[in-house]
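Throughout, numbering of the chain's residues begins at 1 and tracks the sequence.
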Amino acid sequence: MYVYDDFDTEFLAERNRQFRAQVERRINGSLTEDEFKPLRLMNGLYLQLHAYMLRVAIPYGTLNPQQMRKLAEVADRWDKGYGHFTTRQNIQFNWPKLADVPDIMDSLAEAGIHAIQTSGNTIRNVTSDHFAAAAADEIADPRPVAELIRQWSTDHPEFQFLPRKFKVAVTGSEIDRAVTKAHDIGLRMVRRDGEAGFEVIVGGGLGRTPMIGKVLREFLPTADLLPYLEAIVSTYNLLGRRDNKFKARIKITVHENGIERIRELVEARFIDNRPKFDAAATEAQLARIEAMFQAPDLPAACDLPYQAAYAADPAFRAWADTNLHPHRNPDYAIVTISLKAHGATPGDATSDQMRLIADLAEAYGHSEIRISHEQNVILPHIARADLPALYKALRVQGLAVANVGLISDIIACPGMDYCALATARSIPVAQEIATHFDALKLEHDIGPLKIKISGCINACGHHHVGHIGILGLDRAGVENYQITLGGDGSEDAVLGTRTGPGFAYDQIVPAIERIIRAYLAQRLSPAETFLAAYKRLGLAPFKAALYDQEGADAA
């Protein structure tokens, strides 16, 4: 992974010194909250429903054990003993005191961690495939490119005050595990005639006006990436709406101007930009970064311990079936550690759990840790022979839940439990769905299914691209939950279709069960997933199950 040099270290120290002075001025009254707001947001500090919240960047979802231990230390010293991993591959601390935040930032900097540009109308944390450098289907590791983009975009003088926040995702695989089509810019690595480059997608995003991104360039050589990105963002910076924040995202700019007009403007600006970039210097910097991302040496390993545990232990077998993904080296596996224990808050990890993950990464995982946009933790390089021992250690801290990709592996935003913008609760809904289907013992029979829950129209829970999406709204002071079906955040991205009227808080779990019962009754076989069945059957049978049953109950 990327290691900070002297320039990086001094840059971060100076940023932290500046913010310490700004916090002191806020505390002594020299700055009003309105004056302080843009300053704190540039440093990832929000004012939430009950307290400040600090959002810390985890660039492209990659951590080392020392950094994970540092996050655990922050959770213990300045928070309530836990952190919340987000859909942007960040971590949030929900209870810091304002006076402590500068000390938190200095402590994080000791491990090369910061909160710069995790908020504000700027280019946010660049996200990537959480299986990078391990997945068998990968063209190349996308993280060096993501790091290059991070360096280019950090404190970029032209892009600190964009019309609205701006999000970039990069994937190195044909299988899209980074939801690139729901980002302002999505970069999908491709090869043409042996040359590596990117398909460039622009104008995706969720929120109150969800849109799937459009292809701006089918192939962009890697050497041209930075001048082309600069052309896109500067074009948006000029055209983007500043009169209405709800219409300020680039998706609206693309929609209002049309993809052809945007392409024409971007290409023209790209031609102007290209000579301003030193291609040789960029190539040298990318090579320097790539050298820091060399895959670990993975010696051959016998998997007899794995085979024996798989045959003898049903609990281990269930975990292996759901939480392991094929590695490019058949002697190894990619392990997803679920942060979705039944009844727990999705994405939360205690400080003890963080320290255990750090220890296991050192002992078994070549000191590599990833955070997924699905709010789980990944150990990407685990020898299959070590899986039984790893599983045993995870069980001690409640981290061996066998539910990755199943109905209880729910993405949920913080909702009204924390967020000042939320209009409904998300966390309790996720908890009740998980415990309900666990009690019914249907989870593994249902099979792969992605439920995503948002507590307001801003869609931080990605509900639009959930196989089942749930949106919590306020209806005359009462929580009301709308359901969408058929969404997909993969390479075949599509927005879900709203089923009809929403449901009260105490009705939403029974409503989800009616959908699931309809699926189980009508699937062709257990091999037909919920999403495949929905694509075959369409909305009608699920809508009938939802609302006909509701009417029957009322009668």
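- Only one option out of Arg150, His130, Glu147 pairs with Tyr60 in a side-chain hydrogen bond (donor to acceptor under 3.5 Å, both in side chains); it is Glu147.
- A donor-acceptor pair under 3.5 Å is formed between the side chain of Lys340 and the backbone N or O of Ile410.
- Within the 4.5 Å cutoff, side-chain heavy atoms of Ile468 are placed close to those of Leu485.
- Because its NZ or CZ atom is not both nearer than 6.0 Å to the ring centre of Phe293 and within 45° of the ring axis, Arg143 does not count as a cation-pi partner of that residue.
- Applying the side chain to side chain contact (heavy atoms under 4.5 Å, CB included) test to Thr345 and every residue at least two apart in sequence or in another chain returns Asp348, Ile427, Gln431.
- Side-chain atoms of Asp79 do not come within 3.5 Å of backbone N or O of Val74 as any donor-acceptor pair.
- Remark: the Gln522 side chain and the Glu528 side chain contain no N/O donor-acceptor pair separated by less than 3.5 Å.
- The distance from atom CD1 of Ile58 to atom CG of Leu63, rounded to the nearest 0.5 Å, is 4.5 Å.
- Looking at Asp331 and Leu298, their side chains never come closer than 4.5 Å, going by heavy atoms from C-beta outward.
- Each of Arg177, Arg191, Arg328 was compared with Glu138 under the salt bridge (Lys or Arg N to Asp or Glu O under 4.0 Å) criterion, and only Arg328 meets it.
- Not a single donor-acceptor pair under 3.5 Å links the side chain of Asp137 to the backbone N or O of Ile175.
- Thr499 places a side-chain N or O within donor-acceptor distance of the main-chain N or O of Ile483, the cut-off being under 3.5 Å.
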Is there a side chain to side chain donor-acceptor pair (under 3.5 Å) between Thr336 and Asn376 once you walk through the steps? CA-CA 7 Å; Thr336 299; Asn376 290 319; over 6 Å; no

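- Other residues, nucleotides and ligands contribute more than 12 heavy atoms inside 6.0 Å of the CD atom of Gln307.
- Looking at His444, its side chain does come within 3.5 Å of a backbone N or O of Ala402 through a donor-acceptor pair.
- For residues 439-460, the salt bridge (Lys or Arg N to Asp or Glu O under 4.0 Å) pairs, not counting sequence neighbours, are Glu374-Lys450, Asp438-Lys441, Asp445-Arg523.
- Here CZ of Arg514 is found 10.0 Å from CG of Asp548. Values are rounded to the nearest 0.5 Å.
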Assess the residue pair Ile512 and Ile470 against the criterion (side chain to side chain contact (heavy atoms under 4.5 Å, CB included)); give the C-alpha distance rounded to whole Å, side-chain angles, the decisive distance to 0.1 Å, and a yes or no. CA-CA 10 Å; Ile512 298 302; Ile470 301 173; 3.9 Å; yes

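- Donor-acceptor pairing under 3.5 Å is recorded for the side chains of Ser454 and His463.
- Scanning all heavy atoms of the two residues, the minimum distance from Pro96 to Phe93 falls at CD-O, 3.3 Å.
- In terms of the salt bridge (Lys or Arg N to Asp or Glu O under 4.0 Å) criterion, residue partners of Lys70 (sequence neighbours excluded) are, by chain and number, Glu73, Glu110.
- Listed for the Asn64 side chain is a donor-acceptor partner under 3.5 Å among the backbone atoms of Gln66.
- Atoms CG and NE2, on Leu339 and His84 in that order, are 10.0 Å from each other to the nearest 0.5 Å.
- Checked by atom type, the side-chain pair Asp352/Thr350 shows no donor-acceptor distance below 3.5 Å.
- Within the structure, salt bridge (Lys or Arg N to Asp or Glu O under 4.0 Å) pairs that include any residue of residues 196-208 comprise Arg188-Glu199 (at least two apart or interchain).
- When atom types are taken as modelled, the side chain of Ser128 and the backbone of Val170 share a donor-acceptor pair closer than 3.5 angstrom.
- Side-chain atoms of Val126 and Pro59, non-hydrogen and from C-beta on, never get closer than 4.5 Å to each other.
- Aromatic ring orientation, Tyr391 versus Phe316: perpendicular (interplanar angle above 60°, classes split at 30° and 60°).
- A parallel orientation is assigned to the rings of Tyr534 and Phe530, their planes being inclined by less than 30° (bins at 30° and 60°).
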Could you give me the CA-CA distance, side-chain angles and deciding distance for Leu324 and Tyr306, then say whether side chain to side chain contact (heavy atoms under 4.5 Å, CB included) is met? CA-CA 12 Å; Leu324 303 185; Tyr306 167 80; 4.0 Å; yes

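- Remark: Ser351 pairs with Asp76, Arg355 by the side chain to side chain donor-acceptor pair (under 3.5 Å) rule, at least two apart or across chains.
- Within the structure, no pair that satisfies the salt bridge (Lys or Arg N to Asp or Glu O under 4.0 Å) test touches residues 395-406, not counting sequence neighbours.
- Each of Arg249, Arg124, Lys167, Lys251 was scored for a salt bridge (Lys or Arg N to Asp or Glu O under 4.0 Å) with Asp184, with one residue passing: Arg249.
- Between the CD1 atom of Ile446 and the OH atom of Tyr519 there is a distance of 8.0 Å, given to the nearest 0.5 Å.
- Between the side chains of Thr118 and Asn90, no donor-acceptor pair is found at a separation under 3.5 Å.
- Put simply, the side chain of Gln353 gets close to the backbone of Gln397: a donor and an acceptor are under 3.5 Å apart.
- The side chain to side chain donor-acceptor pair (under 3.5 Å) check on Arg88 picks up His183, with sequence neighbours excluded.
- The stretch residues 308-326 participates, sequence neighbours left out, in no salt bridge (Lys or Arg N to Asp or Glu O under 4.0 Å) pair at all.
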Given Tyr46 and Tyr418, is the ring-ring contact (aromatic ring centres under 6.0 Å, His included) satisfied, shown in steps? CA-CA 11 Å; Tyr46 288 75; Tyr418 296 99; over 10 Å; no

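- Classified by interplanar angle (parallel below 30°, tilted 30° to 60°, perpendicular above 60°), the ring pair His327/His381 is perpendicular.
- For Arg475, the side chain to side chain donor-acceptor pair (under 3.5 Å) test picks out no residue, with sequence neighbours left out.
- Rounding to the nearest 0.5 Å gives a distance of 12.0 Å between CD of Glu368 and CD1 of Ile378.
- Between Ile185 and Phe166 there is a side-chain heavy-atom pair separated by less than 4.5 Å.
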Take Leu520 and Leu442 through the test side chain to side chain contact (heavy atoms under 4.5 Å, CB included) and record every step on the way to the result. CA-CA 10 Å; Leu520 293 174; Leu442 282 175; 4.2 Å; yes

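- Applying the side chain to side chain donor-acceptor pair (under 3.5 Å) rule to pairs touching residues 420-430 yields Arg425-Glu479, sequence neighbours excluded.
- Applying the side chain to side chain contact (heavy atoms under 4.5 Å, CB included) criterion to Asp386, with sequence neighbours excluded, gives Tyr364, Ile382, Ala383.
- Interatomic distance, CD1 of Ile357 versus CD1 of Ile337, reported as 4.5 Å (0.5 Å rounding).
- A salt bridge is defined here as a Lys NZ or Arg NE, NH1 or NH2 lying under 4.0 Å from an Asp or Glu carboxylate O, and Asp129 with Arg370 fails to meet this definition.
- Among residues two or more places apart in sequence or in another chain, the side chain to side chain donor-acceptor pair (under 3.5 Å) test is passed with Ser367 by none.
- Using cut-offs of 30° and 60° for the angle between ring planes, the Tyr332 and His366 rings count as tilted.
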